[in-house]
Number of protein chains: 2
Amino acid sequence: MTARQDPARRRPGPRRALTEDEILDAALSLLDAGGVQAASIRGIAAQVGVAPNAVYTYFPDKAAVVRALVERLLGEVDHDVFADRGRPWRERVEALALDLRAHLSAHPGAVSLMIGGRMGGPHALALNERLLELLADAGLPPTDAARASYLLIVHVFGSIALEVADPHQVGPLPPETERIAARRQALASMPVERFPRSAAAAATMADFISTEQYLWGLRRLLDGLATWGDAASTR
Amino acid sequence: MTARQDPARRRPGPRRALTEDEILDAALSLLDAGGVQAASIRGIAAQVGVAPNAVYTYFPDKAAVVRALVERLLGEVDHDVFADRGRPWRERVEALALDLRAHLSAHPGAVSLMIGGRMGGPHALALNERLLELLADAGLPPTDAARASYLLIVHVFGSIALEVADPHQVGPLPPETERIAARRQALASMPVERFPRSAAAAATMADFISTEQYLWGLRRLLDGLATWGDAASTR
DNA sequence: ACCTGAACACCGTTCAAGT
DNA sequence: ACCTGAACACCGTTCAAGT
C-alpha cells in the first residue's frame, strides 16, 4: 500500500511534490467535512493543489486511496489499552471495543468505507491478531476464538454503521444530548397506533446514551460466549 | 412513499406511462446485475425507456428511490414463519433471522443501501414490531426487549454487510462452495509469520458455511439474552 | 400532468505531451 | 518520474418547452 519506489535509481523529472500521507490527510479532512461524496479524487487533488490526474501517480485508483485511508485509521488504535494480560479478559474486550468505537465515530464518513471493503491490510490483521490472542487468553479453543472474534467484529462495525446511518448530516457526530433531542423529535412522526411496541421502544431507546446500548449489547454477547464456553468445557 | 395523486382531478396531459413499481423493478434488476453504481437514475430511465428526468415525476430524488426500494425488499419478508406463538421463542428468532438473511443475500447490492439509510418505513417498522412482540412473548420486559431487538438487528445487518463486502464481485452471491474456494485462495497471500492466529483463524473460517457462522453468532447472542434474563428475574 | 432536449456542475479515469 | 491540459464516458438534477 505504501512505498512504491526504492529511493535508489530515480533519475529524471521533478521530485514528487506530495507524499501519500498528504493525500490521505486531504481525503480524511474532506471526508470529515463533507461526507463520502466530498472525498473525491478531484476534491483531494484540489485540496493538495495539484491536477486531478496527478493523484494517479501515488495510487492506482480511488479504491486504493480508500483502502489506504481505512488502514491508516485502523492503525491509530492503541493496542496497549487491551494488551494488559493482568486484567480480566472481558474488560480487555470492552476496552478494545470502546477504543475502536471512539476512533470510528471520530470519522463517521469512514465507517461505510470500512464496511464496504475487506479490511485485510496489516493494521486490520494486527488488530484481529490481538483480539484472537485475547480470546485465547480467555480459554477459548482456536476454532471458537475464530468464530467469537468474527462475531465481535460484526457487533462493533454493525453497531457503528447503524449509528452513523444518517445521510442528512455530514461532519462529526453531534454530541449525545443533541442526538437524543433529534431522536425524540423523530418520534413525533411515528404512527403509534399501528406500531405501538416500536413507538414505545423508540421512546425508551431515545434516552439511552448510544455508548450504553453498545456496551449492553457487547456484554450480552460476552455472556453468550461465556456460558457456551463453560458448557463446552463440561462436555 | 407511494400514491402521490388521488385518482380524481387529473385533467390535462398524457396518463403516466410508468408506475413507481416499474421504476423500482428496473432499479432492482440493475442493482442485481451491476451493483450499486449500476443502479443510477439514468440507467433506470434507460431501462424503462424514458428520459432521465422523467423519473423525477415519480420520485423527488434518488434518495427517495432508494428508500422505496429498501422498503419494498423489507416488505417481502414473510411474517408467518416467525409469528407462530406455539413455537419456542428462540426458534422464532432464528426463523426471522434466516428469512431476513435469505432476502438480503438475494440482493447483495441492496445491503449497503439498507445500512446507509434509516430503515424507518412502514415495512421496516412492521418487522420491528413483530420482533418486539416476539421478545415480549419470551418474557423480556419492554426496555430489555427494545435493547435486545436493536442488538439482533445489528447482528443481522452487520453480518450480511460484512459478508457481501467484496467490491470486486457484482451480481448474486456465488454458491457457498465457490466462496469457500475463494477464501482458501486468499489465504495464500496472508503473511503467516506476522499474523499466525489470524492465518489459522482464516483457515478455519474458510471452511465454515457462512450460514453456520451467522447462526452460531445468533445463538451466542440469544444465550447472552437468556442468562441475563434469568439473572434479571432472580433479582 | 407528464415527458422531452438541453444544459449545469459534477464524477473517475485515460492519454498525449511537457519537463 | 512526475505533472499538466484535454478529453471521454459517465453522474444527479434543473429548466424551459412541448402536449
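Chain letters run A, B, ... following the sequence lines, proteins first and then strands; every chain starts at 1.
- With contacts defined as side-chain heavy-atom distances shorter than 4.5 Å, the pair B:Arg147/A:Thr204 does not qualify.
- The nucleotide C:dA9 finds no pairing partner, because no Watson-Crick or G-U wobble arrangement with both distances shorter than 3.5 Å includes it.
- A:Phe59 places its CZ atom 17 Å from the C1' atom of D:dA1, with the value rounded to the nearest Å.
- Side-chain contact check for A:Thr57 and A:Arg16: no donor-acceptor pair (N or O, by modelled atom type) lies under 3.5 Å.
- Distance from the side chain of A:Lys62 is smallest to C:dG12 among C:dG12, C:dC3, D:dC2.
- Side-chain contact between A:Val156 and A:Ile153 is absent, with no heavy atoms from C-beta onward closer than 4.5 Å.
- Each of A:Ala51 and B:Tyr56 lies near DNA chain D, and the nucleotide nearest A:Ala51 is the one positioned closer to the 5' end.
- In this entry the distance linking CG of A:Leu30 with C1' of C:dC11 reads 14 Å, nearest Å.
- For A:Glu76, the salt bridge (Lys or Arg N to Asp or Glu O under 4.0 Å) criterion is met by no residue, not counting sequence neighbours.
- Looking at residues 34-50 of chain A, you'll see A:Ser40, A:Ile41, A:Arg42 sit with a heavy atom under 4.0 Å from some atom of DNA chain C.
- Note: CG (B:Asp61) to P (D:dT13) measures 5 Å, nearest angstrom.
- Listed pair B:Tyr58 / C:dC3 meets the phosphate criterion, a side-chain N or O lying under 4.0 Å from OP1 or OP2.
- Among B:Leu104, B:Val81, B:Leu127, the one residue that satisfies the side-chain contact (heavy atoms from CB on, under 4.5 Å) test with B:Asp99 is B:Val81.
- Defined by atom type and a distance below 3.5 Å, a donor-acceptor pair is present between the side-chain atoms of B:Gln47 and B:Ser29.
- The nucleotide C:dA1 finds its pairing partner in D:dT19, both defining distances of the Watson-Crick or G-U wobble pair being shorter than 3.5 Å.
- Going from atom CG of A:Leu18 over to atom C1' of D:dT4 covers 14 Å, rounded to whole Å.
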